Amino acid sequence: MTDTFLAGRTALITGSTSGIGLAIAEALGRHGAKVGINGLGTPEQIDAAIQQCRDAGAPDVRYFDANLIDPKAIDAMLAEAAQWSPIDVLVNSAGIQRTAPIEGQRDNWDAVIAINLSAAFHCMSGLLPDMRERGFGRVINIASVHGLVASVEKAPYVASKFGIVGLSKVAALEYASAGNRDSGGVTVNCICPGWVETPLIESQIQARADQHGGDRDAGIADLLSEKQPSRRMTLPEEIAELALWLCRREAHNLNGAAIPVDGGWTSQ
Ligand code: NAD
């Protein structure tokens with residue numbers, strides 16, 4: 001029988017119409033949480049994401065239609081969420097990637113920083129005070145190995161991910177004394193994945209596949225061999241299992257961490 005330890009809790013997961021965010025929304029729903037999902041996509045993609053969470057067993061699923069590049073849209077999403085339910089778990093998973101040398105990143109910078117970093121700040125600053133009042137809260141920021149080490153041609157992305165790791169540590173310190181061991185406290189952590197098989201990295205896979213005569217598997221192997229020593233992609237549902245554990249009461253003292261899930265990438 002599934003352990004519904006999140007029954008009575010509500011989670012808001014940004015960027016959950018796809019990839020890691022969707023896998024986390026499903027996992028939290030499966031374990032009893034009401035889930036608020038958010039993200040871009042066609043009406044069909046959004047309906048499919050809602051249905052996937054319902055099928056997983058989420059007792060209530062709500063879609064929040066906010067483009068996170070716009071702080072006013074974030075405020076409106078948080079106001080709508082407050083009408084729905086207090087938010088116990090915030091997962092900031094929305095993110096974009098733009099690859100080019102620094103001199104080619106001028107048109108990308110503002111958007112990458114706004115979606116990958118500022119949106120998380122706005123959601124956290126809006127929701128953390130209420131978590132403190134209730135003595136329980138979890139913020140899980142989906143950062144990246146690129147919040148720990150750099151790679152070429154990813155200047156705004158790396159800056160945004162180092163930024164979210166730093167932001168999370170400040171928030172962890174500011175809220176560390178909230179609640180107690182029984183209530184579960186308030187924690188703020190980052191998960192730092194290496195390569196995860198989602199649409200986000202598809203253009204990078206395709207670029208490598210093109211160097212191997214269109215062979216996708218060879219392109220993936222090439223990407224992995226460069227930096228991820230396990231030479232295995234992580235699956236989104238594997239990241240979701242870690243996010244799930246961070247939501248447990250027992251995780252009350254795991255705080256301010258940036259946890260790599262990278263096959264050894266950042267151990268080199
Ligand atoms: P994805 O492309 O599958 O999902 C990204 C999600 O963000 C989608 O739901 C998309 O609609 C949403 N989004 C993008 N722009 C948005 C906007 N303006 N407003 C609202 N939502 C928006 O990618 P993913 O791999 O699941 O990425 C999730 C997070 O994981 C990102 O922050 C990414 O940086 C991080 N990450 C991914 C990998 C990887 O290899 N896939 C590795 C490390 C970190």
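In this text the structure is predicted, and so the values were computed from the model without any measurement. Order of listing sets the numbers, starting from 1, for every ligand and every atom in it. Atoms considered below: every heavy atom in the structure, side chains included; atoms not considered: hydrogens, waters and symmetry mates.
Residue, atom and distance of the protein heavy atom nearest to atom 40 (O) of ligand 1 are Val196 N, 2.8 Å. Among all non-hydrogen protein atoms, the one lying nearest atom 5 (C) of ligand 1 is Gly95 O, 3.8 Å. The nearest protein atom to atom 17 (C) of ligand 1, hydrogens excluded, is given as Asn67 OD1, 3.6 Å; this is a heavy-atom distance. Shortest contact from atom 33 (C) of ligand 1 to any protein heavy atom: Tyr157 OH, 3.5 Å. For atom 1 (P) of ligand 1, the closest heavy atom belonging to the protein is Ser18 OG, 3.6 Å. Counting protein heavy atoms only, atom 26 (O) of ligand 1 is closest to Ile20 N, 2.7 Å. Atom 24 (P) of ligand 1 has Thr198 OG1, 3.4 Å as its closest protein atom, hydrogens excluded (heavy atom only). Atom 19 (N) of ligand 1 has as its closest protein heavy atom Leu68 N, 2.9 Å.
With respect to Arg231 and Glu226, no salt bridge is recorded, no charged nitrogen being found less than 4.0 Å from a carboxylate O. Salt bridge annotation for Arg138-Asp88: absent, with no cationic side-chain nitrogen under 4.0 angstrom from a carboxylate oxygen.
The shortest N or O to N or O distance between Val145 and ligand 1 is not under 3.5 Å. Distances between N or O atoms of Gly21 and those of ligand 1 include no value under 3.5 Å. Residue Gly39 has no N or O atom closer than 3.5 Å to an N or O atom of ligand 1. For ligand 1, none of its N or O atoms has an N or O atom of Trp195 under 3.5 Å away. Looking at Gly15 next to ligand 1, an N or O pair under 3.5 Å apart turns up. For ligand 1, the polar-atom distance check against Ser93 finds a nitrogen or oxygen pair separated by under 3.5 Å.
Tested against Leu12 for a side-chain contact (heavy atoms from CB on, under 4.5 Å), the candidates Leu127, Val89, Val91 yield a single pass: Leu127.
A heavy-atom separation below 4.0 Å is not found between Ala119 and ligand 1.
Atoms of ligand 1 lying under 4.0 Å from at least one heavy atom of Lys161, given by number and element, are 31 (C), 32 (O), 33 (C), 34 (O). Short contacts between ligand 1 and Ser16, defined as distances under 4.0 Å to a heavy atom of the residue, involve ligand atoms 9 (O). Against a heavy-atom cut-off of under 4.0 Å, Pro199 is close to the following atoms of ligand 1: 3 (O). Atom numbering of ligand 1 starts at 1 in the shown order; those under 4.0 Å from a heavy atom of Ala66 are 19 (N), 20 (C). Close contacts between ligand 1 and Ile142 involve ligand atoms 29 (C), 30 (O), 32 (O), 35 (C) [criterion: under 4.0 Å to a heavy atom]. Interface of Gly19 with ligand 1, defined as ligand atoms under 4.0 Å from a residue heavy atom, comprises 3 (O), 26 (O). Ligand-side atoms of ligand 1 in range of Ile115: 15 (N), 18 (N), range being under 4.0 angstrom from any heavy atom. Within the listing of ligand 1, atoms 39 (C), 40 (O), 41 (N) sit less than 4.0 angstrom from a heavy atom of Ile201.
Formation of a donor-acceptor pair under 3.5 Å by the Glu153 side chain with backbone atoms of Ile102 is not found in this model. No side-chain donor-acceptor contact under 3.5 Å links Asp215 to the backbone of Ala209. Judged by distance alone, the side chain of Gln97 and the main-chain N or O of Ile201 form no donor-acceptor pair under 3.5 Å. Without hydrogens or angle criteria, Ser85 side chain to Thr10 main chain gives no donor-acceptor distance under 3.5 Å. Put simply, the side chain of Ser16 never gets that close to the backbone of Ile37: no donor and acceptor are under 3.5 Å apart. Between the side chain of Gln228 and the backbone N or O of Arg232 there is at least one donor-acceptor pair closer than 3.5 Å. The main-chain N or O of Gln45 is found under 3.5 Å from a side-chain atom of Thr42 such that the two form a donor-acceptor pair. Looking only at distances, a side-chain donor or acceptor of Ser168 sits under 3.5 Å from a matching main-chain atom of Ile164.
Between Thr198 and Pro236, some side-chain heavy-atom pair lies under the 4.5 Å cut-off.
Comparing Ala143, Ser144, Cys190 by heavy-atom distance to atom 35 (C) of ligand 1, the nearest is Ala143. The residue from Leu40, Leu200, Ile96 that puts a heavy atom closest to atom 23 (O) of ligand 1 is Leu200.
Under the side-chain contact (heavy atoms from CB on, under 4.5 Å) criterion, Arg62 pairs with Phe64, Trp84, not counting sequence neighbours.
For the pair Arg249 and Phe136, the cation-pi criterion (under 6.0 Å, within 45° of the ring axis) is not fulfilled.
Within a 6.0 Å radius of CG in Leu235, more than 12 heavy atoms belonging to other residues, nucleotides or ligands are found.
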